[in-house]
Number of protein chains: 2
Amino acid sequence: MKASIKDIARVAGVSHSTVSRALSDSPVVNPETRARIKRLAREMGYSPDAGARGLVMGRTLTIGVVVTTISDPFIAEVVQGVESTAFKNGYTVILASSGAEPEREVAAVEMLRSKRVDGVIVTASRVGALYKEHLTRIEVPVVLLNNHGESGGPYTFSVRVDDRHGGYLATRHLVERGHRRIAYVSVGEAGHSSDRERQAGYCQALTEAGLPCDPALVFAGNGRWDGGERVLPLLCAPPEPPTAVFCFNDMTAVGLLRSARAAGLSVPEDLAVVGFDDIPIASYVVPSLTTIAQPKFELGEKAMQMVWILIEAQRETATPQVHDTILQGRLVVRESSVGRSE
Amino acid sequence: MKASIKDIARVAGVSHSTVSRALSDSPVVNPETRARIKRLAREMGYSPDAGARGLVMGRTLTIGVVVTTISDPFIAEVVQGVESTAFKNGYTVILASSGAEPEREVAAVEMLRSKRVDGVIVTASRVGALYKEHLTRIEVPVVLLNNHGESGGPYTFSVRVDDRHGGYLATRHLVERGHRRIAYVSVGEAGHSSDRERQAGYCQALTEAGLPCDPALVFAGNGRWDGGERVLPLLCAPPEPPTAVFCFNDMTAVGLLRSARAAGLSVPEDLAVVGFDDIPIASYVVPSLTTIAQPKFELGEKAMQMVWILIEAQRETATPQVHDTILQGRLVVRESSVGRSE
DNA sequence: TTGTAAGCGTTATCAA
DNA sequence: TTGATAACGCTTACAA
């Protein structure tokens, strides 16, 4: 069976507290006995019980990560960044996916609370009101990722990408390519803050170029590829249709590319397209998609570093030296805005 | 601060064991006190300590999932299936990514052992020798996913897709489309069992059609897109080049498509292409990719159900009524083997 | 129907 | 340098 600290103590002929000290390299224990105990521990296949340790230590070295679904490639990469950084710091990641259902979100948070995680990272999703209440009740540091909700308690902060600047970069790129009529395909959901910000950046670039922010050039997608697909006919309807379009995200842009192809439009000659996110698909579609790359892994990395700092601060009941972090996206120019020949 | 069972007991004027019983719906406790205690628990924001419970119960209701990287979309979907099924059964998922580095693999398993997970699911990776030893030492049920390693201990089983049949389906499809010279692009790694099996299915379909299994038609890729890209010139070299090709996986096929396009070959007219996996990209490339779809979510689901059965069996020290499970892939016909016009 | 007491595997305090 | 002993929060005989 599983060897405990007491089993080792019995075999070694010492008390279990000596074993505990030896294994945690306490300086007071005799070097020889320490060595003997360590050898014994290895031989007996000893593995410390994290649960028992957590009970007495008041920390579990575990953090919870709440996602809508891990099968979203964007989220997956972020989680990879979290997990990898957590591992380096001796932390373990518990995964909780909510499926975007309020019920499951609450259950997930409750579960994490029971597991006594030392901190929580919440990716995406619009942290519902109900959900948020539970989130604060958990009484551990919370880091919101790409979420524009106001920071809640004293140990709640956020890490996100600069949506406004990203929108600006994407649009300025199109302006620089000579486009004058540039459309925006939104996520079509009121109060979606990333959407609002990206659109604001779009407007800023237009204004800066002396172009009007024409509401007639803003179309409603849904953030998924079918939304982009459906928007094309509307885009082409006006007597003087836009020559370029900036989409809320890559999936929307990919749908748009597909329907443009079906309609016999050539991209980028007839219509230049820029997306946002840089999901893996972006570089494989034809034409490959110009986009704003989010530093996904780094987002996860930063979020984990931040909870770590918050956890340490909380332990010492100190005011954490932390502030909301904003990372910059990067323009990745591909074929959909420039063409193969150029 | 965090309310414990004792805090509730104090307020309710009963002993902490009564509270414990009430909260776990023990039939012996007085209905009125039960109700009172439950209300109190809610008011005081009580959350049971999973660690403490695990300590006395000998089970943590937690399973560990070992992946190479969660940012692989294939793995992500599998993990989604695992997590979702786990959640339904009251289980929690601890994620451990190994990055395919032996060191980290071992550390990951050791960490899961410390957390006293009730079971482990290992996806992909060729379970190294060293790694495997640690895996058996963990003394809990292990389910190997898409891994052809022999089952280890009495509580180790596997869930996988039928690689051979998948290879057969893919190749038969090409035969039925009238192709006589059909190539295979392998993963180019000796002893890769999925590769071996898919190739065996390929041969079987050829033989069945009265065609030879010509080793000259087998080319070495590397399982990634650049491998597929590099293989094209070799493919075209012979005086009578193949008219169709079955690739070990989608990434290889996508690379092949890309270089075919660059070389001015039209797919499927000049060269029909079939992949394996059905990753998200497969339906977005141009032409879209015919492939063998692996039931990813279901693989995860089955794996979780299986560990669950094994855990129950182990608790009752019974011989588990379980056997290695093989799921069937499904041929998904798209443009790369049939063409848009047909 | 309830309370007392033991114990799960640790760490930590205090004496020796 | 080491050993008793208490404590963490919980479940579960055993007694009352």
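Reckoned from all heavy atoms, side chains included, excluding hydrogens, waters and symmetry mates. Below, chains carry the letters A, B, ... as their sequence lines are ordered, and counting in each starts from 1.
- When rounded to the nearest whole Å, the span between CE of M57(B) and P of dA13(D) equals 12 Å.
- In summary, E301(B) and K296(B) do not engage in a salt bridge, as defined by a charged side-chain N under 4.0 Å from a carboxylate O.
- Here the P atom of nucleotide dG9(C) and the CG atom of D49(B) are 16 Å apart, to the nearest Å.
- Of the candidate nucleotides dT11(D), dG3(D), dT10(C), dT11(D) has the atom nearest to the side chain of V56(B).
- Under 4.0 angstrom from either OP1 or OP2 of dT2(C) there lies no side-chain N or O belonging to R21(B).
- Atom CZ of R59(A) and atom P of dA12(C) are 11 Å apart (whole Å).
- We find that NZ of K2(B) is positioned 22 Å from P of dA7(D), with the value rounded to whole Å.
- Not a single donor-acceptor contact under 3.5 angstrom links the side-chain atoms of H16(B) to the base of dT4(C).
- Using a 4.0 Å cut-off between charged nitrogen and carboxylate oxygen, R59(A) and E312(A) count as a salt-bridge pair.
- The nearest heavy atom of DNA chain D to S4(B) and to N30(A) marks one nucleotide each, and the one closer to the 5' end goes with N30(A).
- Salt-bridge annotation for E83(A) and R104(B): present, with a side-chain N of the basic residue lying under 4.0 Å from a carboxylate O of the acidic one.
- By the side-chain contact (heavy atoms from CB on, under 4.5 Å) test, I309(B) is found to be paired with V322(B), residues two or more places apart in sequence or in another chain being considered.
- Between S17(B) and dT11(D), a side-chain N or O to OP1/OP2 separation shorter than 4.0 Å is absent.
- Residue L55(B) contributes atom CG, which lies 13 Å from atom C1' of dA6(C) at whole-angstrom precision.
- Counting any heavy atom pair closer than 4.0 Å across all strands shown, V28(A) reaches a base atom.
- Atoms NZ (K6(A)) and C1' (dT5(D)) sit 11 Å apart, rounded to a whole Å.
- At the heavy-atom level, S47(A) lies under 4.0 Å from the strands shown only through sugar-phosphate atoms.
- Here S24(A) lies out of heavy-atom contact (under 4.0 Å) with every strand.
- Residue S15(B) has its side chain nearest to dG3(C) when only dC8(D), dG3(C), dG9(C) are considered.
- Counting heavy atoms of neighbouring residues, nucleotides and ligands inside a 6.0 Å radius, atom CZ of R315(A) does not exceed 12 of them.
- The CZ atom of R53(B) sits 18 Å away from the P atom of dG9(C) (whole-angstrom rounding).
- Distance from the side chain of T18(A) is smallest for dG3(D) among the nucleotides dG3(D), dT1(C), dT11(D).
- Residue S20(B) places no side-chain N or O under 4.0 Å from the OP1 or OP2 atom of dC10(D).
- In this structure, CG of D7(A) is placed 13 Å from C1' of dT10(C), rounded to the nearest angstrom.
- Toward the 5′ end of DNA chain C lies the nearest nucleotide of V14(B), the other residue of the pair I5(A) and V14(B) mapping further downstream.
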